[in-house]
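No experiment lies behind these values; they were computed from the predicted model shown.
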Amino acid sequence: MLIAEPSTAECLRLLLDEQAWRLRSLAAIVADAARHRMPELPPADWDGPARAAYDELVERVRIGIEEARSCLAEASAHSTRASATLESRG
């Protein structure tokens, strides 16, 4: 007898696969934003405390964006591993 509806484990596996795909997509969007939408650096002749503060802030934003991208990619990998684990037990 064929069952038309997938099992609970199969549903969970499908949801984990979709989650992994969405997380990878978000990571790609964040990476793209970091490459193409970061502010331009001020002119090289701009110096002093304002330049130092600006450079520090831009670097902190870059680090934060990279951390977000990395966390999204890691979460995607965890979802993929969880899905594979369910599949291997099925």
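With sequence neighbours excluded, the residues that form a side-chain hydrogen bond (donor to acceptor under 3.5 Å, both in side chains) with Ser76 are Arg24. The salt bridge (Lys or Arg N to Asp or Glu O under 4.0 Å) search around Asp55 returns Arg51, not counting sequence neighbours. With sequence neighbours excluded, no residue forms a salt bridge (Lys or Arg N to Asp or Glu O under 4.0 Å) with Glu59. Under the salt bridge (Lys or Arg N to Asp or Glu O under 4.0 Å) criterion, Arg13 pairs with Glu10, Asp17, sequence neighbours left out. A search for salt bridge (Lys or Arg N to Asp or Glu O under 4.0 Å) contacts involving Arg62 returns nothing, not counting sequence neighbours.
In terms of heavy-atom proximity, Leu23 sits nearest to Ser79 at CD1-OG, 4.0 Å. Residue Thr80 comes nearest to Ala20 through the heavy atom pair OG1-CB, 3.4 Å, listed as atom of the first residue, atom of the second, then distance. Closest approach of Leu16 to Ala82, counting heavy atoms only: CD1-CB, 3.8 Å.
Separating the SG atom in Cys71 from the CG atom in Leu26 is a distance of 12.5 Å, to the nearest 0.5 Å. Put simply, OG on Ser83 and CD on Gln19 are 10.5 Å apart, with the number rounded to the nearest 0.5 Å.
More than 12 heavy atoms of other residues, nucleotides or ligands sit less than 6.0 Å from atom CH2 of Trp46.
When the side chains of ILVMFWY residues are joined at heavy-atom separations under 4.5 Å, either directly or via intervening members, Tyr54 and Val61 end up in a single hydrophobic cluster.
Counting only residues at least two apart or in different chains, salt bridge (Lys or Arg N to Asp or Glu O under 4.0 Å) contacts with residues 67-85 comprise Glu66-Arg69.
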